[in-house]
Every structure is written in structure tokens, then in C-alpha cells.
> 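A single structure is presented below for examination.
Every chain is numbered from 1, with letters handed out A, B, ... down the list of sequences. Just so it is clear, the values below take in all heavy atoms, side chains as well, and ignore hydrogens, waters and symmetry mates.
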Amino acid sequence: MFEHFDNLRVRFAPSPTGYLHIGGARTALFNWLLARRHGGKFILRIEDTDELRSTEEAVGGILEGLHWLGLNWDEGPDVGGPHEPYFQSRRREIYHKYARTLIESGNAYFDTLTPPPAPGQKPAPQVGIDRRAYDAESRNAPPDSQLELFEKGAEFPLRIKCPQGTVSFQDAVRGEVAVNLDDVGDIVILKRNGGPVYNFTVVVDDADMAINLVLRGEDHISNTPKQLVIYNLLDLTPPKFAHVPLILGSDKKRLSKRHGATDILEYKTQGYLRDVMINFLALIGWNPGDDREVMSRDELVSAFSIGGLGASSGVYNQSKLDNFQGVHVRIMGVEDLSRLMQDFLPKEYTADREKYLEVVELLHDRIVKFSEAEHLMHYFFGEPRYNEKMVKKFLTDNPNREELFPIILENVEEADPFTAGQLEARFRLVSKLKKVGLGKLLQPVRVAVTGDRMSPGMFETLEVLGKDISLKRLRRYMAL
RNA sequence: GGCCCUAUCGUCUAGAGGUCUAGGACGCAGCCCUCUCAAGGCUGAAACACGGGUUCGAUUCCCGUUAGGGCUACCA
């Protein structure tokens, strides 16, 4: 029943009270994947009814994050659409229209009994209150009187009249969820100041925007019954629901800054590929039904199905992300890699296209995050940043320096042509004749030329560096 | 506290009553390759939370316990 969709309309509805974290990004991704898979529409709606906590910057950050991931929306901010506006803060009249409907049908009433909350205090819990008092005071007041209050702009919270019994729904990932309506209660839909409340705005907007499948975080599962009551009172057909598990940190607690980067844009600046992020995120709580793990965006779209969603929460795994990044980098051609990586490098590094490509080729298997690429290749484009400990160990304090360094220098000097093949042949011969391991010969070279103990193959590195630079760096430490 | 959700290797997961001596991936360990670091190849350690049922038979179904998570606002 959840596998086939006509005119699928899904949405991502973040509230701009902070950056787009990876949990939200994943929810957005699932919705996007679903829309693309079934030829439906992906709608973006900004839930900024909390005027105190919502900010413009947050909106910008969320849009930027979504753009970076390539999760383009068919309707929403910037692109518009037939159900504008897509910001809840600009839909107040719509909410009031629906509120009026509820009052007229006798399904909502002003709560004249509950005192205003003390400033800065949470209002007292209203579930399980003594209904009888409300029944006498205003719950059973005639709709006309309530409408009058509404017109006057009464300073009372507007509550729905929750019926008794149970509500249930078929969750696409969990099956049936049933709740006793006594646990829902007469929830507030309009605040004392007339502002609409979340559980009311989602219902109104999802209905108004013709959303027919709501896929969201598990933290909303308890809100669903409340929303269902409102759908019923409004005589509206509710959408289907799918609640995906949350992403947890390594301590199984809700993901937070303590677990590393959680702003999706942080991954961009660290140099993760957007397709890696998408691949990684999709696999937390979903699988294609076979053993595939590393998947392209297109593969993800065609493999995605709501049936592949799991119900148990997943823990964020940084080393898996890094592994995915490495694999995606390796299967990518040098051309693509070079292009995607150049924003993370100084302009001087990429100016000489040919040399840049040679360097990238050498480092192809060693690059993970692009933010680390500069360090891996810096010595090709300028003086090495020497690791003093290694300089000491392999060069200045090398016990065999007098014996080996002249030989090393001589062979580099005389290599002609100055190619990896030529250099390798010479060094292998020396190694054999002098009965010295290649490592003994090459580690000092490596430190002198690259500044540290690890690099791509030494012969290839020397070739790309060229004879002049190689010799200059070697002589600095090896000329006795 | 109340209500709701979840429960397979450390982690992501496959498994939809017998195919499970439980499969894959990351990570970890060892070996191979090797001029270092990677990459690659091979091998290994590593899990069905617990207790009751149902059944000829439960990782798979039901109940409970425990654990984790969520919600419990005139926040979203």
C-alpha cells in the first residue's frame, strides 16, 4: 500500500531555529528520494511560527545546505509554487480561516479558565485536566458566543474539543499505532496572542498543500494522533505517515555538537563530496535490499523504496563516512577529482594544469577529505614543511649518512632521463650492490624532499618534482 | 511519572518459522604486496538483550522484563 504512488507530494518542513543538521538532512533526503523515485513533487516549507527562535540566518543556512546536497525542491522558497507562501509566518490568515471553521462547527472553544502562564514559565500541563470545569465554563458554550470572542480578538487560547475513544494510523515503517484520545486532550491551536501552534499549522499546511505522504522524524510520532484529531475535526483526509528513526551519537544519545560536526555545511567545508554525504545518510535507516553500499545519486533514486526503511535508530559512524569518501574518490576519474578538489587548494597549486593532474594522479589513492589535500601535496608546490623529528632521525642523526648520502646524491644527479623508471633502476642496482635495503636509501630522500616520512612512491614523486628541485632539497641535507 | 517507538557483531545492516555451524560493509587484528603512507588481496576475532509462551521447530509470531530513544508547552 505504500509502494505505489500517483501524484506523490511530499515535503520537508524544517523550523529555522538553527542550522541544518545531519538528521534533518537525512529526512529531507528521504523525501527527495521518494519524490524523484515516483515522479512526485518535493515541497519545502519553512516552519517559522516561533518568532522568538526563528532567524533569517537559519533559513539561509538550511537552504544552502539543501542546495549543497543537491536536494532541489519543486515548490517552496525561491522557486514559489501554487500554494504560496511557503513560510508559515506569512500564512496567518489561512490558519485563522481554519480556526474559524473549527469554531463554527463547535469543535473549538476559547479557554477562559486557564490563567496566562507566568512570564518565562512553561504553561501548566493541560492533558488530564478536569474537563468538567471546562464543560461548564466554555467547552459547551454555543459556537456563536465563541465566534464573537474570535471576532473581538479575545485574549484566550483556542482549544480543540477532543473527542473520546482512540485514534490509530498505519505507519509505513512501523505498522499500526493506536493511542487513547484521553492522552491527546483539548490541545491549544491558537495561542493567547492569536499565534497558531505547531500541531495545528502542520495539519492546515499539509492539507492545503495537498501533501499525501508525510515522512518525518520519529520525534513526531507522538504528535501524529493530535494531528489526526484535527484532520477529523476539520473533516479533512489525512496523508499517509512514515516515521523514520533518529540518528544517534556514539553514546546512543541524540546527536549534538559533542559528536563532531552536525551542521551539514561543516561537511562541505571539510571537503566531503555531496554524493558521499547522500550515500552515507541514505544508508542510516535504509538499505536497497541487497548488499550494495557505495551508490551514486542515480542508483539511490532508482533503488529507493519506503519498504527498505528500518524502524530502529542508527548511530552516526564517522569512520564509515570517511570510508565512503575514500571509495567515491577512488572510483572517480582524475579529471573529476581534480576539478572538485581545486576549490580547496591555493590557486598556485592548480595553475599549471598538467603538473596539478600529475600530482592528483599520484595522490589518488590517498585522498579522503579535501581539506587535507593541501597538506598531502604541499611539497610539490613549495618548500616542504619539515617534520623536525623525522629530519633528525633520517637525515641529521642518520648513522649511515657518510656512507649513503654521497651515493644517493650521485645517483640522483646522474639520472638521465630524470624519470621514475630510470631512478628506480639506479636505486635498485645500488641497493643490490651495496647490500642496503631500498628503505634505507629512500626514507632519507623522502624526508629531505617531502618533509615527512610518508608520501607517494619516491621515484614518481621525484620525477614530478623535477631534477632541479629534487637535488636542491637533497643537497640541503646530504651535502657533507 | 504517563503515553508512544525501538531492540541481530563495537557501528551500519541482511534475515520476513526450518535455507543460520546467522550473510555483507565499516572498524579492529594478523598475513601478503611493498621504498614510507595509502590502495589492493587473503585470513581472523566479533551479534540474535533476558524470561515466558505459540509451534514438531523460533533470530523471525505473542506477552512480560530490561535497556535505549521520543513525546508529555499558549516550542517546532
> Give me the distance, rounded to whole Å, that separates B:rA58 from B:rA22 when you measure between the C1' atoms they each carry.
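Between the two C1' atoms, the distance is 13 Å.
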> What interatomic distance, in whole Å, is found between C1' of B:rU36 and the corresponding atom of B:rA49?
46 Å
> We want to know whether A:His243 and A:Arg216 form a side-chain donor-acceptor pair, criterion being a heavy-atom distance below 3.5 angstrom.
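Side-chain D/A pair, A:His243 to A:Arg216: present.
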> Hey, does A:Gln88 have a side-chain heavy atom less than 4.5 Å from the side chain of A:Ile46?
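Side chain of A:Ile46 against side chain of A:Gln88, heavy atoms only: no contact under 4.5 Å found.
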> Among the candidates B:rA76, B:rC35, B:rC74, find the nucleotide nearest to the side-chain atoms of A:Glu460.
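The closest nucleotide is B:rC35.
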> Using the benzene-type ring in the case of Trp, are the ring centres of A:Phe304 and A:Trp286 under 6.0 Å apart?
yes
> Under a 3.5 Å limit for both distances, which nucleotide forms a Watson-Crick or G-U wobble pair with B:rC3, could you say?
B:rG70
> Whole angstroms only, please: what is the NZ-C1' distance between A:Lys440 and B:rC35?
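The answer, rounded to whole Å, is 12 Å.
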> Applying a 4.0 Å non-hydrogen cut-off, can you work out what A:Ser222 is touching in the nucleic acid: base, sugar-phosphate, or nothing?
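Touches a base.
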> Need to verify one output field. Residue with the more 5' nearest nucleotide on RNA chain B, A:Leu321 or A:Arg428?
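The answer here is A:Leu321.
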> Who is the Watson-Crick or G-U wobble partner of B:rC42, with both distances under 3.5 Å?
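In the structure as shown, B:rC42 has B:rG30 as its Watson-Crick or wobble partner.
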> Could you tell me how far apart A:Asn323 (CG) and B:rC26 (C1') are, to the nearest whole angstrom?
6 Å
> For A:Pro456, answer base if it contacts any base atom (sugar-phosphate contacts may also be present), sugar-phosphate if it contacts only those atoms, and nothing otherwise; contact means non-hydrogen atoms under 4.0 Å.
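Counting heavy atoms under 4.0 Å across all strands, the contact made by A:Pro456 includes a base.
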> Does the protein touch nucleotides 5-14 of chain B at the base, only the backbone, or not at all? Give it as B, S and - per nucleotide, heavy atoms under 4.0 Å.
SSS---BBSS
> Rounded to whole angstrom units, what separation is found between the CG atom of A:Leu246 and the P atom of B:rC71?
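In whole Å, B:rC71 P lies 8 Å from A:Leu246 CG.
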> Determine the interatomic distance between C1' on B:rC26 and the same-named atom on B:rA47; round to the nearest Å.
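That atom pair is separated by 16 Å.
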> Is any side-chain N or O of A:Asn223 under 3.5 Å from a base N or O of B:rA76, one able to act as donor and the other as acceptor?
yes
> Could you tell me how far B:rC9 sits from B:rC61 if I compare only their C1' atoms? Round to whole Å.
24 Å
> Nearest whole angstrom, please: distance from the P of B:rA76 to the CD of A:Gln227.
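The answer, rounded to whole Å, is 12 Å.
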> Just compare B:rC75, B:rG2, B:rC35 and give me whichever is closest to any side-chain atom of A:Phe459.
B:rC35
> With a 3.5 Å limit on both atom pairs, tell me what B:rC56 is paired to, counting Watson-Crick and G-U wobble, or say none.
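Per the H-bond distance test, B:rG18.
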> Measure NE2/A:His220 against C1'/B:rC3 and give the value in whole Å, please.
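Going from NE2 in A:His220 over to C1' in B:rC3 covers 17 Å.
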> Closest to the A:Arg330 side chain: B:rA76, B:rA39, B:rC74?
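That would be B:rA39.
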> Report the distance from atom CD1 of A:Ile407 to atom P of B:rC35, rounded to the nearest whole Å.
18 Å
> Might you work through the side-chain contact (heavy atoms from CB on, under 4.5 Å) test for A:Arg385 and A:Asp452, ending with a clear yes or no?
CA-CA 8 Å; A:Arg385 298 192 279 261; A:Asp452 212 335; over 6 Å; no
> If we take the P atom in both B:rA16 and B:rU11, what is their distance in whole Å?
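About 23 Å, rounded to a whole number of Å.
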> Watson-Crick or G-U wobble partner for B:rG64, using a 3.5 Å limit on both distances?
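Pairing partner, where one exists within any strand: B:rC50.
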> Strictly by Watson-Crick or wobble contacts shorter than 3.5 Å, is anything paired with B:rA25, and which nucleotide is it?
B:rU11
> Taking for each residue the nucleotide of RNA chain B bearing the nearest heavy atom, is the 5' side occupied by A:Met454 or by A:Tyr198?
A:Met454
> Around A:Arg453, counting heavy atoms of other residues, nucleotides and ligands shown, do more than 12 lie under 6.0 Å from its CZ?
no
> Please pick, from B:rC37, B:rC3, B:rC74, the nucleotide with the shortest atom-to-atom distance to any side-chain atom of A:Val188.
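Looking only at side-chain atoms, A:Val188 lies closest to B:rC74.
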> Of the options B:rC35, B:rA76, B:rG70, whose atoms approach the side-chain atoms of A:Gln443 most closely?
B:rC35
> Between B:rA14 and B:rU60, how far is it from one P atom to the other, in whole Å?
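After rounding to an integer number of Å, I get 15 Å for this pair.
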> Would you measure the distance from the C1' atom in B:rU43 across to the matching atom in B:rA7 and give it in whole Å?
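About 32 Å, rounded to a whole number of Å.
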> Using a 4.0 Å heavy-atom cut-off, does A:Ser431 contact any base of the nucleic acid, only the sugar-phosphate backbone, or nothing at all?
nothing
> Using only side-chain N and O atoms of A:Arg366, determine if any of them is under 4.0 Å from OP1 or OP2 of B:rU36.
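No, outside the criterion.
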> Parallel, tilted or perpendicular for A:His21 and A:Tyr19, by the 30°/60° rule?
perpendicular
> Identify which nucleotide among B:rC74, B:rA39, B:rC37 has an atom closest to any side-chain atom of A:Asp365, counting heavy atoms from C-beta outward.
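Of the candidates, B:rA39 comes closest.
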> So, is the end of the A:Arg90 side chain (NZ or CZ) under 6.0 Å from the ring centre of A:Phe87 and within 45° of the ring's axis?
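Pair A:Arg90/A:Phe87 counts as cation-pi.
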> Distance between the P atoms of B:rC3 and B:rG24, in whole angstroms?
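Rounded to whole Å, the distance is 43 Å.
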> Please state how far atom CG in A:Leu362 lies from atom C1' in B:rC37, giving the value in whole angstrom units.
13 Å
> So, does A:His96 use its side chain to make a donor-acceptor pair with the main chain of A:Arg91 at under 3.5 Å?
no
> Begin from the C-alpha positions of A:Ile331 and A:Val294 and carry the test side-chain contact (heavy atoms from CB on, under 4.5 Å) through to its verdict.
CA-CA 10 Å; A:Ile331 60 184; A:Val294 173; 4.3 Å; yes
> Check whether A:Lys392 reaches the backbone of A:Asn387 with its side chain - one donor and one acceptor, N or O, closer than 3.5 Å.
no
> If I take atom CG in residue A:Asp322 and atom P in nucleotide B:rC28, what distance separates them, rounded to the nearest angstrom?
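About 11 Å, once rounded to whole Å.
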